[in-house]
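Numbering of residues begins at 1 and proceeds along the displayed sequence.
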Amino acid sequence: MIFELFKTFFRIGLFTLGGGYAMIPMIEAEVVDKHKWIGKDEFLDLIAIAQSCPGVFAVNMSTFIGYKLRKVPGAIFTTLGTALPSFIIILVVAMFFKQIEHIAWVQAMFRGIRPAVVALIAVPTFTLAKQAGITLVNCWIPIGSALLIWLMGVNPIYIILAAGLGGYLYGLFIDNS
């Protein structure tokens with residue numbers, strides 16, 4: 001199974017543009033839907049944990065999944081599977097980029113990739129929002145948080161701390177279920 005983990009995460013790393021958040025649908029499709037290694041609720045929990053840990057999101061996700069399934073060897077193989085394709089691709093691009101960056105079709109290709117990457121990040125964001133229970137009633141929380149960070153320059157750490165405190169107080173005083 002360790003080599004299956006490596007192969008799965010290598011394929012995810014190889015065919016996903018746009019970083020860790022763009023990998024979420026592919027990771028979910030492979031790990032939850034196809035292989036059924038973990039459940040949907042646990043996957044959502046792993047996303048939250050991976051986001052709150054320092055480091056590269058996709059690597060954190062793959063490490064947690066690998067560790068859950070096969071402890072340290074699983075974590076090592078899933079991490080390598082996720083990171084190796086990007087490392088190889090960036091290494092090759094870096095070796096030749098100065099020689100090709102002025103070519104018109106290369107510049108056009110990079111301009112075309114940008115909007116696709118935004119879409120690749122937007123889709124999992126909306127999917128996660130739906131899975132996290134964000135509705136029209138409480139959508140002001142992520143929107144307000146984003147605006148505070150973007151327009152007012154509020155440190156994201158303060159937003160996270162305030163959200164954690166708010167969730168704790170909500171659970172303590174309001175949600176008695």
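- A 6.0 Å sphere centred on CZ of Phe97 holds more than 12 heavy atoms belonging to other residues, nucleotides or ligands.
- The hydrophobic clustering, which links ILVMFWY residues whose side-chain heavy atoms are closer than 4.5 Å, places Ile76 and Phe3 together.
- Thr82 has its side chain out of reach of Ile12: every pair of non-hydrogen atoms, C-beta onward, lies at least 4.5 Å apart.
- Under a hydrophobic clustering in which Ile, Leu, Val, Met, Phe, Trp and Tyr are joined whenever their side-chain heavy atoms come within less than 4.5 Å, directly or via other members, Met95 and Phe87 fall into the same cluster.
- With a 6.0 Å radius and a threshold of 12 heavy atoms from other residues, nucleotides or ligands, Asp41 has its CG atom at or below the threshold.
- Atom CD1 of Ile47 is separated from atom CD1 of Ile27 by 8.0 Å, given to the nearest 0.5 angstrom.
- Residues passing the side-chain hydrogen bond (donor to acceptor under 3.5 Å, both in side chains) test with Thr78: none are found, sequence neighbours excluded.
- The list of ring-ring contact (aromatic ring centres under 6.0 Å, His included) pairs with a residue in residues 30-54, not counting sequence neighbours, reads His35-Trp37.
- For the pair Gln107 and Glu101, the minimum side-chain heavy-atom distance is 4.5 Å or more.
- In this structure, Ala75 and Thr79 approach most closely via the heavy-atom pair O-OG1, 2.6 Å.
- In this structure, Leu69 CG and Leu5 CG are separated by 5.5 Å, a value rounded to the nearest 0.5 Å.
- Atom CE of residue Met1 and atom OG1 of residue Thr8 lie 8.5 Å apart, to the nearest 0.5 angstrom.
- Scanning all heavy atoms of the two residues, the minimum distance from Gly13 to Ser86 falls at O-OG, 4.4 Å.
- Residues Leu147 and Ile143 meet the side-chain proximity criterion, which asks for heavy atoms closer than 4.5 Å.
- Taking Val106 as the reference, Ile100, Ile103, Phe110 meet the side-chain contact (heavy atoms from CB on, under 4.5 Å) condition, with sequence neighbours excluded.
- For the side-chain contact (heavy atoms from CB on, under 4.5 Å) criterion with Phe9, the lone passing option out of Val59, Leu80, Val31, Leu14 is Val31.
- Note: the hydrophobic cluster containing Ile24 also contains Val117 (ILVMFWY, side chain heavy atoms under 4.5 Å, direct or indirect links).
- Sorted by first and then second residue, the side-chain hydrogen bond (donor to acceptor under 3.5 Å, both in side chains) pairs with a member in residues 123-137 read Glu28-Gln131, Thr135-Asn138; sequence neighbours excluded.
- Trp105 and Val93 fall within a single hydrophobic cluster, where Ile, Leu, Val, Met, Phe, Trp and Tyr are joined by side-chain heavy atoms under 4.5 Å apart, directly or via other members.
- Crowding of Met152 atom CE: a count of heavy atoms from other residues, nucleotides or ligands under 6.0 Å not exceeding 12.
- With sequence neighbours excluded, the residues satisfying side-chain contact (heavy atoms from CB on, under 4.5 Å) with Ala50 are Phe57, Asn60, Met61, Phe64.
- No continuous path of ILVMFWY side-chain contacts below 4.5 Å connects Leu172 to Leu161, so the two sit in separate hydrophobic clusters.
- Summarising the geometry, atom NZ belonging to Lys7 is positioned 9.5 Å from atom CD belonging to Glu30; distances are rounded to the nearest 0.5 Å.
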Run the side-chain contact (heavy atoms from CB on, under 4.5 Å) test on Val32 and Glu42 for me, step by step, so that the C-alpha distance in whole Å, both residues' side-chain angles and the decisive distance to 0.1 Å come before the verdict. CA-CA 9 Å; Val32 176; Glu42 190 172 16; over 6 Å; no
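- Counted within 6.0 Å of CD1 on Ile157, heavy atoms from surrounding residues, nucleotides or ligands total 12 or fewer; the atom is thus considered open.
- Remark: Leu84 pairs with Phe6, Phe10, Ile88 by the side-chain contact (heavy atoms from CB on, under 4.5 Å) rule, at least two apart or across chains.
- Atoms CG and OG1, from Leu46 and Thr63 in turn, are 11.0 Å apart once rounded to the nearest 0.5 Å.
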